[in-house]
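Since the model is a prediction, treat every value here as computed from it, not as a measurement. Note on naming: letters A, B, ... go to the chains in the order of the sequence lines (proteins, then strands), and numbering restarts at 1 for each one.
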Number of protein chains: 2
Amino acid sequence: MLSLHQLTCFLATYEHRSLTRAAEELGYAQPSVSEQIRNLEKSLGVPLFRRVGRGVIPTTAADTFRPHAEKVLAASDEAQRAVASIKSLETGTIRFGMFGVARLYGGAGLVADVLERHPGVRVELVGQHSREVQENLRRGRLEVAMIAVAGIESEGMSITPIARDELVYISADPSRLTSPVTAKQLSEARLVMPETTWRDSDSARIVLRRMLHEAGYNPTTRIEVEDIETAVELVGRGLADTVTNKGAALQLLPRLAPNAGWVSLRPRLYDTMAIVHRTGATLSPAAQLMIELATQRIQAILEPV
Amino acid sequence: MLSLHQLTCFLATYEHRSLTRAAEELGYAQPSVSEQIRNLEKSLGVPLFRRVGRGVIPTTAADTFRPHAEKVLAASDEAQRAVASIKSLETGTIRFGMFGVARLYGGAGLVADVLERHPGVRVELVGQHSREVQENLRRGRLEVAMIAVAGIESEGMSITPIARDELVYISADPSRLTSPVTAKQLSEARLVMPETTWRDSDSARIVLRRMLHEAGYNPTTRIEVEDIETAVELVGRGLADTVTNKGAALQLLPRLAPNAGWVSLRPRLYDTMAIVHRTGATLSPAAQLMIELATQRIQAILEPV
DNA sequence: TTCAATCCCTAGGCAATACCTATGAATGTG
DNA sequence: CACATTCATAGGTATTGCCTAGGGATTGAA
């Protein structure tokens, strides 16, 4: 079986025309190099050097072999170098899980931050929703993610809360924004809610349902849409009100529903943003970088926990 | 220290997304592959796979590493292949296809040339006739050959003309050699022709038949023999005339028919000598050597094309 | 929920390999 | 003819590669 070590010994010997000097250069004893060359010759089935009194002389087979050996070692170096630059985040792909709303808080800026520090890198923000992201985490397709969690569930996962995001009531009707909205008002409101597909596992919805149940009401929504932008736009047209994360509201209202406003709930409700990864996993430098940057961004916008 | 074996294990694991299946493919126990991957990860300083319940999942570092690993192994294979073909020049057998007449031009000298450069080698000149040689080429029993071709036929074969050999009229009767022989004279002559067995596919005969047909004559031969030496000898005895390659005539006349002479045909006809091998084949050093030597020999005697 | 199957890891043992030092044999050199 | 240099061999130790056996975790089905 050919080995890279044999090739190294071969090239040193070829250059120096001497096993002794090759061994010196490589820091081995002379018989060790001798043995490597012997094994290489055996595995190739061709003598590579003629042993003459003073030193060794490469055969024509060695002449032919040399450029190939150099190419193999060069490719090997290149392979190591490629991985080393991954390690130092010079190139490669960083994959980070992020649910829908979080991208509003930092998505584009996060990518910008990463690219600014590591211009060669590719960035992927994966996941439409925190639940889906969680699934990918569990299956190992994602190393780390930032998601919204309703509680500290999911065993096997290490969840580190980094910020909380208040849930607020949004409406285009100023009369409904005069004071904090109660469960009763909420149950009577005409609501448009986003994230239809994930309605059962969306953490904001879970928190909301819990609050309503405790007050003895059932959640009812008039309209179901998939993305929060659409929901906010509908609010802007006065067709319904909605409840969503305050951070998202602050960002979207001026653009999509300038005539609408927001007010807290009573009692106040919060969505928790957390960094999640498999318990016990050693995080890669890429993951650690993303955690740091994402945390900074989120905490600059929301209330740190 | 990086090793080729680690790369092999890595690629198998990467492809199968499973240590167990990689081990199966490579014929090892699963912990052995596991250990190789672990060592590779250690030496690269980067985790390559995330171990998740069912199988393993490559990290982005692994994605980056993979093409490099493949390149290293490819270079290694190439290195071994290169030496293997060198080896065949030093210990193996060089087999070269050559048709009957060509051996007159260089056969013995060619073998001498090869042995002088590669004393350890065995040389075989294969083939009685260009047609038979072509058959062996087609079946892959010969890598390369020098044959006479009537045209550029034979799909799948790469044909490189290297020289042309005039067909000349040979006679012991000086009166028939005073001027170039025409189709009419040819059709009226008493001819002895060699290569009886291959009469239909012999390129010299094909060229000759074509010329006669165009002039409205049918080829008729008085005597058919197998080898050209016999034919020339019969010409020397005045029993018949013949048409053969000029190169062969020049070589054989002094020895076998000193009283005979030759004259061109009108119009002049030529037999083409060409190097033939399977299209797309990578020629071994042995083959390249033979091509070079044979071409030199032939072109020293005949007119290069 | 439970159970069996799957898959990876760890542990411990054996064999092969890598490397060392010491020494012998061959070949040029003074 | 000694001497210096260089490679090969011998023998011992440490490391590595590979194996089997068994444990823990995840997955998919009952």
Any donor-acceptor pair under 3.5 Å linking the side chain of [X] with the backbone of [Y]?
X	Y	value
A:Thr13	A:Ala22	no
B:Ser34	B:Gln30	no
A:Thr295	A:Ile291	yes
A:Glu41	A:Phe49	yes
A:Arg205	A:Pro194	yes

When you measure from every atom of DNA chain D, which of residues 8-26 of chain B have a heavy atom less than 4.0 Å away?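 By residue number: none to list.
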
Please evaluate residues A:Phe65 and A:Val46 with respect to the criterion side chain to side chain contact (heavy atoms under 4.5 Å, CB included), reporting the C-alpha separation (whole Å), side-chain torsions for both, the decisive distance (0.1 Å), and the verdict. CA-CA 10 Å; A:Phe65 189 57; A:Val46 175; over 6 Å; no

Using atom [atom1] of [X] as one end and atom [atom2] of [N] as the other, report the distance to the nearest whole Å.
X	N	atom1	atom2	result
B:Arg51	C:dC9	CZ	P	5 Å
A:His5	D:dT15	NE2	P	16 Å
B:Met1	C:dT17	CE	P	17 Å

Residues from residues 30-44 of chain B sitting under 4.0 Å of DNA chain C, heavy atoms only?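 Hits under 4.0 Å, by residue number: B:Gln30, B:Pro31, B:Ser34, B:Arg38.
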
[X] and [Y] ion-paired at < 4.0 Å:
X	Y	result
A:Glu35	A:Arg38	no
A:Arg21	A:Glu25	no
B:Glu70	B:Arg66	yes

4.5 Å side-chain heavy-atom contact, A:Leu2 and A:Gln6: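 Answer yes - side chains close enough.
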
Of all the choices, D:dC19, D:dC7, D:dG17, which nucleotide is nearest to the side chain of B:Tyr28 once you look at every atom?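 Selected nucleotide: D:dC19.
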
Global bending angle along the helix from C:dT1-D:dA30 to C:dG30-D:dC1, which compares the axes of five pairs at either end, to 10 degrees: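 Axis-to-axis angle, ends of the helix: 20°.
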
